[in-house]
Amino acid sequence: MNTDASPMIRFVNVNKWYGRDHHVLKNINLEVRQGEVVVVCGPSGSGKSTLIRTINQLEPINNGEIWVDGIRANDPRTNINKLREEVGFVFQHFNLYPHLSVLDNITLAPIQVKKIPKDLAERTAMELLERVGLANKKDAYPANLSGGQQQRVAIARGLAMNPQVMLFDEPTSALDPEMIGEVLAVMKQLAESGMTMMVVTHEMGFAREVADRVVFLDQGVILEDAKPEQFFTDPQTDRAKQFLRQILAPMHQ
Amino acid sequence: MTLNLNWGILLEESATGDGPYWTLLATGLQWTLATALTGWVIALLVGSIVGVLRTLPYRPLALLGDIYVEVFRNIPLLVQLFFWFFVWPEVVPQEIGRWMKQDMPYPEFITAALGLGWFTAARVAEQVKSGILSLPRGQKNAALALGFSLPQTYRLVILPQAFRVVIPPLTSEFMNIFKNSAAALAIGLTELTFQMKQMVEYSNEVIVSIAAVTTIYMTLAFAVNRGMAWLEKKARVPGMIGGGR
């Protein structure tokens with residue numbers, strides 16, 4: 001089990017290439033402590049989605065080490081399926097299973113992977129649906145839900161495995177503006193409950209309000225790793241300054 | 001020109017000594033049904049496995065699936081049936097070959113059902129593969145990210161969706177297997193078309209014989225079509241392909 005001293009997620013000299021020439025992650029060193037909320041931001045193509053996907057090995061890495069809760073994720077001897085049970089993942093495009101009801105979406109993995117009895121899994125699922133405000137939608141199919149609702153179900157689906165860490169890959173980027181708030185509210189509530197979270201997002205309001213640290217990535221390199229206040233008021237690199245100008249006031253450059 | 005059609009011939013005693021002509025056709029229908037349905041079960045099983053193999057992230061297995069499809073799809077069904085019936089028993093170890101030729105029960109039926117099944121499996125594999133590839137990549141990732149093994153991912157997430165997508169093309173293959181079973185007359189299976197030829201020869205009522213058998217084939221195909229349409233409707237899920245009308 002994890003102690004407070006050792007990090008929940010640790011990158012050690014991680015490198016990844018797409019093909020031979022595209023060096024997408026360059027010598028990444030990063031630690032996320034238990035209960036910490038880290039926002040990862042950066043321009044498009046900076047490697048932030050790739051970075052977060054390497055943690056549960058949806059993207060393999062070429063060299064370096066990734067540790068999750070004291071287990072080395074990129075060790076071929078590691079049972080990667082077991083490790084993934086501990087790491088919830090929320091996708092930009094929700095990726096709910098369209099052939100299953102909301103309730104079945106949430107209970108499928110607990111029942112099939114963790115072998116939890118159906119009635120217990122359903123009770124847990126209902127509690128989680130209650131928490132994300134969608135208990136009345138348990139029998140609906142994903143296609144009948146709005147984007148914001150689908151993403152909240154996806155978060156509940158991840159939480160149903162009772163993970164140690166939750167990873168979010170641009171969870172609000174595919175949403176209509178008026179639905180972003182409901183998803184961020186659920187994430188904020190989750191952060192306050194003490195969940196370790198790593199969030200790729202451009203929602204700077206969320207970063208400012210909820211994150212413990214902001215990591216700024218550009219061309220596969222971590223350029224900034226700072227507390228939100230420091231990142232927003234006093235970024236150290238010109239690239240980050242430019243990025244913040246563009247993202248905070250896109251009309252005035 | 002006047003057509004002199006004697007529909008009553010169906011009820012007349014046949015010259016083969018097997019009862020009235022309609023019983024000839026009934027026997028044929030039984031073998032057609034048995035061959036097509038057995039073949040279909042084999043085709044679905046083998047075709048699903050081969051189709052899945054071709055989408056796996058393991059090169060050798062995918063290649064194996066590709067080879068299967070190329071071989072079975074590129075050789076005429078009739079040639080395949082001849083191969084299994086006449087050539088195969090000669091190439092296998094002598095003991096087995098002798099058993100096939102002498103002691104294997106219903107050799108024509110078994111050869112026809114297997115041959116038809118393997119042939120159709122290549123076509124089913126093609127449909128299953130395209131069904132799997134039509135799904136968004138995120139579906140697989142979402143399952144893997146929750147800790148599902150690859151087999152679980154296929155069984156619980158990918159295949160239930162892929163099969164829904166390919167019900168319409170599979171319907172065509174299911175109908176085809178009934179029609180293709182007529183090729184089995186070449187290895188002597190007394191299926192419907194074989195019996196039609198018998199009836200033509202003995203009764204000389206060419207048009208009536210062919211018309212009767214045509215009607216039976218059309219009814220079979222129609223029934224399959226309706227059955228699959230029912231299945232498609234039953235399996236329909238809101239928002240998935242096939243729901244739009």
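Convention: sequence-line order gives letters A, B, ...; per-chain numbering from 1. Basis for what follows: all heavy atoms, side chains included, without hydrogens, waters or symmetry-related copies. Please read all numbers here as calculations on a predicted model, not as lab measurements.
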Please check if the side chain of A/His99 supplies one atom and the backbone of B/Ile158 the other of a donor-acceptor pair under 3.5 Å.
->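 Such a contact is absent between A/His99 side chain and B/Ile158 backbone.
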
Around [X], counting heavy atoms of other residues, nucleotides and ligands shown, do more than 12 lie under 6.0 Å from its [atom1]?
| X | atom1 | answer |
| --- | --- | --- |
| B/Lys179 | NZ | yes |
| B/Phe83 | CZ | yes |
| A/Glu178 | CD | yes |
| B/Phe222 | CZ | no |

Closest non-hydrogen atom pair between A/Arg53 and B/Asn141, with its separation =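 Heavy-atom minimum between the residues: NH1-ND2, 3.6 Å.
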
If every non-hydrogen atom of A/Leu58 is compared with every non-hydrogen atom of B/Ala145, which pair is closest and at what distance?
-> CD1-CB, 4.3 Å

d(B/Thr153 OG1, A/Asn81 CG) to nearest 0.5 Å is 7.5 Å

Look up atom CD1 in A/Ile80 and atom OG in B/Ser149, then write down how far apart they are to the nearest 0.5 Å.
->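 If we round to the nearest 0.5 Å, A/Ile80:CD1 and B/Ser149:OG are 13.0 Å apart.
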
Interface residues of residues 108-119 of chain A facing chain B - non-hydrogen atoms under 4.5 Å apart | A/Leu108, A/Ala109, A/Gln112, A/Val113, A/Lys115

Which of residues 84-96 of chain A get closer than 4.5 angstrom to chain B, counting heavy atoms alone?
-> A/Arg84, A/Glu85, A/Val87, A/Phe89, A/Phe91, A/Asn95, A/Leu96

Looking only at heavy atoms, which of residues 65-81 of chain B get nearer than 4.5 Å to chain A?
-> none

Contact part of B/Arg155 toward chain A, heavy-atom cut-off under 4.5 Å: side chain, backbone, both or neither?
->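 For B/Arg155, the contact with chain A is made by the side chain alone.
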
Output the option from B/Pro136, B/Ala142, B/Ala235 having the highest count of non-hydrogen pairs under 4.5 Å with chain A.
->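 Counting heavy-atom pairs under 4.5 Å, the top option is B/Ala142.
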
Please identify each residue that fulfils side chain to side chain contact (heavy atoms under 4.5 Å, CB included) with A/Asn144, with sequence neighbours left out.
->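 Testing A/Asn144 for side chain to side chain contact (heavy atoms under 4.5 Å, CB included), a comparison that skips the adjacent residues, returns A/Tyr141, B/Pro238.
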
